[in-house]
Each structure stands twice: as structure tokens, then as C-alpha cells.
Amino acid sequence: MAGNNFRKVQFPRETKGFINIDPLQTGGKLTEDARKALIEWGDGYSICDFCTTGRLDEIKKPPVYDFVHEQLPKFLDCDIARVTNGAREAKFAVIHSLARSGGWVVMDSNAHYSSYVAAERAGLNVALVPNTGYPDFKITVEKFAETLEETRRKGDIVLALITYPDGNYGNIPDVRKIAEICSDYDVPVLVNGAYAVGRMPVSLKDMKADFIVGSGHKSMAASGPIGVLGMREEWGEIVLRKSKKYRNKEIEMLGCTARGATIVTLMASFPHVRERVKRWNDEVEKARYFAGKMEELGIKQLGDKPHNHDLMFFHAENLYEISKKVKKGRFFLYRELKSRKIHGIKPGLTRYFKLSIYGLSYEEVDYVINAFAEILEKYS
Ligand SMILES: *Cc1c(COP(=O)(O)O)cnc(C)c1O
């Protein structure tokens with residue numbers, strides 16, 4: 001019986017103990033402190049124990065207030081911060097607040113699908129800034145300016161969104177220059193830092209942007225789903241406007257957002273996250289080392305070169321050729337890696353794939369490189 005089965009299995013995690021190179025997961029692994037907090041605060045609505053004002057961000061114990069109103073704004077170098085239920089919810093809150101009927105959002109074509117969908121949900125049109133194509137896929141300042149100019153002729157631009165870095169190539173665009181151009185057009189800028197906030201140092205003010213969004217489960221060692229939203233002072237009264245009837249409830253937050261283990265794990269990991277961000281240069285160096293070794297194996301790294309982020313996209317013509325010949329076909333790479341306890345490249349991919357070695361030791365990095373070398377050797 002299905003029901004029985006459900007009880008019996010207790011959902012064992014098949015990838016436990018594996019080296020994880022899935023970009024989605026490398027920055028979201030819990031710290032020990034967060035793991036303890038998860039157990040302690042796992043019950044539903046646990047965070048509401050000592051809520052007296054009806055506002056999540058005003059809870060003093062555990063110190064949500066300090067986190068949201070002191071620590072986060074400092075970390076993002078912005079004026080006002082909130083936690084949301086994810087990066088996408090943060091984006092939607094901003095887009096929905098700024099939406100005007102028939103309006104447009106200009107975003108880079110490397111944007112995450114959730115940016116596009118958030119704009120659609122708010123009833124807006126989307127104009128995409130093309131990238132430079134193979135092999136760099138860069139979003140240039142010039143193209144961004146061009147698309148702004150073209151879109152301005154079509155209608156009212158309510159927001160520009162720039163993905164920093166994008167989730168395919170890990171490319172870091174010149175966000176500051178782009179923001180300066182947007183400012184010439186009087187268009188506010190949202191920086192989607194789902195792969196930045198919690199991994200690398202960010203500063204909303206240095207970027208000259210208006211909003212910044214991060215993802216707790218992607219890059220801040222939180223169980224999630226949880227996101228962070230930072231903005232400039234001037235946007236507070238628009239994006240964080242309050243209900244007419246429930247005077248302390250912020251409409252776009254639907255009153256309260258992360259309501260339990262999600263925010264406690266985020267806060268428990270935060271001191272570690274703040275420290276690890278300082279070691280970002282080591283991560284970039286490690287990524288470049290890895291990319292160099294892959295290239296020696298005939299596997300090409302696409303996107304920014306030298307690379308500036310742990311998320312890397314590879315083009316492996318040699319693995320693709322093997323997949324055409326072997327019995328297991330295109331699933332051979334997944335299986336070979338799995339047999340070596342490496343997890344994170346999507347089953348079926350051989351020619352193009354992305355990965356991240358964030359947080360791995362050099363020993364583990366070499367283990368992964370050797371795995372690729374062995375696999376290529378085995379089928380040559
Ligand atoms: C993962 C990702 C998101 C989605 O983040 P959530 O917190 O799960 O909503 C958004 N943008 C980019 C670039 C991402 O990589």
C-alpha cells in the first residue's frame with residue numbers, strides 16, 4: 001500500500017556524503033548552528049512565540065529585529081531590509097509595487113525564469129537585453145543602453161533588472177555602469193543577487209542600484225525557502241506600504257513572510273556567512289584553478305574568462321562524443337559521477353553543463369577533476 005510505503009521509507013537522502021557540485025545547492029548547505037536551529041525551531045510558526053506587535057521583523061527574541069533592521073542593511077549596504085519567502089517573492093514585491101498598466105520591465109536575457117514570471121504575474125511587458133552569444137554570453141553596458149532606448153519608444157519602463165551573476169554562466173556584469181545609464185533614463189534598478197548575496201561582498205550603494213535581492217537557501221546557508229530584500233530609503237513607502245485596515249501589516253509582504261525554521265536557520269548561519277564572504281577571493285581563485293584543469297582535459301569553460309564566480313558553465317564536446325557511442329547514452333556521465341559519489345550535474349547532460357565548487361576543499365576539487373579525467377580515460 002502506498003500509504004504504508006510512505007511511512008516506512010522515512011525519505012532517506014541518497015546523496016548524503018556525496019561531494020555536491022550542484023550550483024543550486026553548494027551555497028545553501030546548512031552550517032552546524034543552523035542544523036541545530038532547524039531541529040529546535042522546526043515546529044510550524046515557532047518564531048511567533050514572542051511576537052507582540054504582529055510583525056515578524058519586530059520580534060526581539062530570537063533577535064529578528066536586530067537581524068532585519070541592523071545586520072541585514074549593513075550586510076547589503078542599503079537603508080532598509082526585509083526577509084521574504086525567496087528571491088522571487090522579493091522581486092515580485094518590488095515589481096508589483098512599481099507596476100503601471102502597460103508598463104515594461106527591461107532585464108538581461110541571462111535572467112532567471114522567476115524574474116520573467118514575476119513581471120508576467122504583475123501584468124507587465126518584458127524587454128530582454130541580448131547577450132553576446134557563444135562563448136562569452138556577456139551582458140554589455142552598450143546592449144543594456146540600446147534596449148532601454150528601444151523600449152522607451154514602446155512605452156513606460158517601470159524597472160530594470162540585472163542578474164548578478166546569472167545562474168547559467170556565472171557572469172558578473174558591470175552593474176554600476178548599467179545602473180548609471182538606467183538612472184539617466186530615470187528607471188529604478190533591481191539587482192538580482194541570488195548567487196551573490198551570502199557568497200561574495202555586495203553593496204547596493206556601490207552598485208548605485210535601488211533594490212537588491214538575495215536567496216537564503218541558494219547562497220546564505222539557510223534551509224529556506226527564504227529571501228532577502230534590500231532597498232534605498234526612498235522606496236520604503238512604496239514597496240513597504242501598509243494595509244488600510246491592518247495598520248501594521250505591509251501589503252507586499254502579505255503581513256508576515258518567513259514564519260519559522262526558515263528565518264531561524266538564516267539567522268543562525270548569518271555570522272558564518274558574514275565571515276565566509278570575506279574569503280570570496282579564495283573561492284574565485286579556486287574556481288579559476290578548477291576551470292584551468294578542466295580545459296587541460298579538453299573541456300571548455302564558457303562565460304567570463306578568467307572567471308569571477310564559483311558557478312561555471314562548461315562545453316564538453318569530448319563527453320558528448322562518448323555519449324553517442326556508449327550503451328547508457330547520455331546518462332553515462334551522471335552514472336559515472338554518481339559511482340564516484342559526486343552529485344550535481346543533471347542526469348542526461350554531457351555536452352553543456354554547469355557546476356559549482358563553492359566551499360569544497362582543494363582535495364575535493366582535485367577529486368572531482370580526477371573523476372573527469374578517469375571518465376575520459378575510461379572511454380577513450
Ligand atoms: C535560484 C535563483 C533564483 C530563485 O531564488 P529563490 O530564492 O528560490 O526564489 C532567482 N534568481 C536567480 C539568478 C537564481 O539563480
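Nothing here was measured: the structure is a model prediction, and the numbers come from that model.
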Nearest heavy-atom neighbours spanning A268 and T31: O-OG1, 4.4 Å
Do S356 and D310 pair up side chain to side chain, a donor and an acceptor below 3.5 Å, judged on atom types alone? yes
Test item: side-chain donor near acceptor, D22 and H343, under 3.5 Å: no
For V197, which of V191, V202, L72, V277 qualifies under side chain to side chain contact (heavy atoms under 4.5 Å, CB included)? V202
Taking all heavy atoms of G348 and all of R330, pick out the closest pair and write down the distance. O-NH1, 3.3 Å
Output, in order, the C-alpha distance, side-chain angles, deciding distance and verdict of side-chain hydrogen bond (donor to acceptor under 3.5 Å, both in side chains) for K91 and S115. CA-CA 7 Å; K91 289 183 287 188; S115 297; 2.8 Å; yes
Does a side chain donor of either N308 or R288 reach within less than 3.5 Å of an acceptor in the other side chain? yes
Y358 six-ring centre to R199 NZ/CZ under 6.0 Å and within 45° of normal: yes
Taking atom types as modelled, is there a side-chain donor on H315 or Y134 under 3.5 Å from an acceptor on the other? yes
Check I19 against V368 and note the closest heavy-atom contact, atom names and distance. CG2-CG2, 4.0 Å
Rounded distance [0.5 Å steps], CD in E252 versus CD1 in I238: 11.5 Å
Side chain to side chain contact (heavy atoms under 4.5 Å, CB included) between N192 and Y164: does it pass, once the steps are laid out? CA-CA 6 Å; N192 179 7; Y164 180 93; over 6 Å; no
Side-chain donor-acceptor contact under 3.5 Å, E149 with Y185: yes
